[in-house]
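Down below is the structure, laid out as structure tokens.
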Protein chains: 2
Amino acid sequence: MARRKQRDDEAAFLAAYAPGKFPRPSVTVDLVVLTILDGVLSILLVARGEHPFKGRWALPGGFVRVGEGPKDQGEDLYDAALRELREETGLPAGAALLEQLGAFGRPNRDPRTRVISVAYHALVRPTLVPHVSGGGDAAGARWFPVVERPPLAFDHDEIVERALARVRGDLEGTSVAFALVPETFTIAELRTVHEVILGTTLDPGNFRRRFLRMLDDGVLEPARGKRATASKPAQVYRFVDRR
Amino acid sequence: MARRKQRDDEAAFLAAYAPGKFPRPSVTVDLVVLTILDGVLSILLVARGEHPFKGRWALPGGFVRVGEGPKDQGEDLYDAALRELREETGLPAGAALLEQLGAFGRPNRDPRTRVISVAYHALVRPTLVPHVSGGGDAAGARWFPVVERPPLAFDHDEIVERALARVRGDLEGTSVAFALVPETFTIAELRTVHEVILGTTLDPGNFRRRFLRMLDDGVLEPARGKRATASKPAQVYRFVDRR
DNA sequence: TCAAAAGTGTTTCTCGTACACCCATGT
DNA sequence: ACATGGGTGTACGAGAAACACTTTTGA
């Protein structure tokens, strides 16, 4: 039958297919890992131990694992990003909000060979940050305030700029802010996250109202306990994730 | 000097660098080419002449040109997208609003070998569409209404869905709508674009007011002439691009 | 003269912004 | 007792939404 014919046809084609006739690029994932330390938006950078850009700071990242043939095709891009995050920071999967920023593939962005990088941004809870320094591969990794970060290797400055613009844009409408706050948090803590990302100050009263609207939308729920502050203790809340 | 030493060091490293120790993926660009035909949001698809997915419809696209060594590293991703657009549609550069959607790299999305695709969406003025059919490589290219498009090859259905979501999201706040309208246009024509993309109907009066606000923001300017309609002729406007 | 679409007016509601103010608590 | 920050009230303006209405043209 035609159906059977079609299958054999395709199988024959696949067997005859010779990969690698054309040169291929290397593909990496690079991570823009962000958190808030002492009320300052901060980024995780690694010092490059090898050429090119030896000694410069760069985004953590690495090559995407690609299998040898049609049978094993390697790992997903997202999984590669997760793996790099774990290897370079020691953070467990699910500890960060990981989202793809896009592909950066300008020729000569890496002097060695053509490299196309798929960038991700990862937002890490400040309460998990202490774990980061401990990691094995993470020797040479350091947090910098984003506003006073050193110039970066490759086109990583451009990637960081795009990540920041993206996070700012996503601040309202998505749940990015909750990824930068402890499990349970006060209204003021969440407001600080917004202020730090936007680089402005927000009216506490007005922010509170927006916040409470989320509450009866079911995005948030009150949690037990209060947070001790410099003055009157504040109610703590929890983000309810319904994906 | 240390400076001189550093340069020689790096040059030596580059010379010694042996590329291709690890398997590399193929990288393609795929295009979600959209326009509005007869008031219907439409997408350009090509019939696949070869395996895999022979006979299925797919997004236009092709391999990114990658050079042989460090000296020639090939073309930029954006340029590759432009080139494909030209080759497959005959559209000149600048005829379409071309923006990157992201990278799609699930293993086994192509049965032959690991392929990572960088997707772009291209919004084409309906007045330019007649040129499209004429193109050389464009044999087998056809417009489909997006709502009744056939099932696509590879993971292209997913890419299209993401493109549509992106365009809908960008509709307000960016100038995507102006890319789907003739050089000069009436308020009703622009409204139709919004309605078609959002899949809703909009109040003519209210839309007009939003539109006029753009006018005194300087985003638009009145153009000479009127557009003949079924009834009272309408004023035409022009989009002023200040990038 | 009639249908169709351009263009105007009006009302209501929601939301952002600004700002004044009260209240509870740790020091 | 008092400063600090949590929490509340209010008033104004911009804009979204709904809808009734007038005007201008082609057929």
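Per chain, numbering begins at 1; letters A, B, ... match sequence-line order. Please read all numbers here as calculations on a predicted model, not as lab measurements.
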Grab the [atom1]-[atom2] distance between [X] and [N] for me, whole Å please.
| X | N | atom1 | atom2 | answer |
| --- | --- | --- | --- | --- |
| B/Leu212 | D/dG15 | CG | C1' | 14 Å |
| B/Leu215 | C/dT8 | CG | C1' | 16 Å |
| B/Phe211 | C/dT8 | CZ | P | 13 Å |
| B/Met214 | D/dG15 | CE | P | 13 Å |
| A/Leu202 | C/dG16 | CG | P | 12 Å |
| A/Gln235 | C/dT25 | CD | C1' | 16 Å |
| A/Phe207 | D/dT8 | CZ | C1' | 17 Å |
| A/Lys226 | C/dG26 | NZ | P | 11 Å |

Tell me which nucleotide among [options] gets nearest to the side chain of [X].
| X | options | answer |
| --- | --- | --- |
| B/Arg208 | D/dG6, C/dT8, D/dT25 | C/dT8 |
| A/Ala230 | D/dC19, C/dA4, D/dT4 | D/dT4 |
| B/Pro233 | D/dT4, D/dT25, C/dG16 | D/dT25 |
| B/Lys232 | D/dG7, D/dT24, C/dT25 | D/dT24 |
| B/Asn206 | D/dC19, C/dA6, D/dG7 | D/dC19 |

Can you tell me if A/His156 uses its side chain to pair, donor with acceptor, with the backbone of A/Leu59 under 3.5 Å?
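Yes, the answer is positive, given that a donor and an acceptor are paired below the 3.5 Å cut-off.
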Might you work through the side chain to side chain contact (heavy atoms under 4.5 Å, CB included) test for B/Glu99 and B/Arg166, ending with a clear yes or no?
CA-CA 10 Å; B/Glu99 244 166 62; B/Arg166 162 81 164 265; 3.4 Å; yes
For the pair [X] and [Y], find out whether any cationic side-chain nitrogen is under 4.0 Å from an anionic carboxylate oxygen.
| X | Y | value |
| --- | --- | --- |
| A/Arg83 | A/Glu75 | yes |
| B/Asp155 | B/Arg109 | yes |
| A/Glu161 | A/Arg149 | yes |

Would you state whether a donor and an acceptor, one from the side chain of B/Asp203 and one from the base of D/dA16, lie under 3.5 Å apart?
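Checked by distance alone, the answer is no.
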Can you tell me whether the side chain of B/Arg209 and the base of C/dG7 have a donor-acceptor pair closer than 3.5 Å?
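Check fails, no donor-acceptor contact within cut-off.
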Which comes earlier along DNA chain C counting from the 5' end, the contact point of A/Thr229 or that of A/Glu172, where each point is its nearest nucleotide?
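Nearest nucleotide further toward 5': that of A/Glu172.
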Of A/Arg210 and A/Ser231, whose closest DNA chain C nucleotide lies nearer the 5' terminus?
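Per heavy-atom nearest nucleotide, the more 5' residue is A/Arg210.
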So what does [X] touch, heavy atoms closer than 4.0 Å: a base, only the sugar-phosphate, or nothing?
| X | answer |
| --- | --- |
| B/Pro204 | nothing |
| A/Arg227 | nothing |
| A/Ala188 | sugar-phosphate |

Contact under 4.0 Å: A/Arg213 side-chain N or O vs C/dG16 OP1/OP2
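True: A/Arg213 side-chain N/O within range (under 4.0 Å) of C/dG16 OP1/OP2.
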Taking the six-membered ring of B/Phe211 (Phe, Tyr or Trp), confirm whether the NZ or CZ of B/Arg213 is under 6.0 Å from its centre and within 45° of its axis.
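Output no; distance or angle outside limits.
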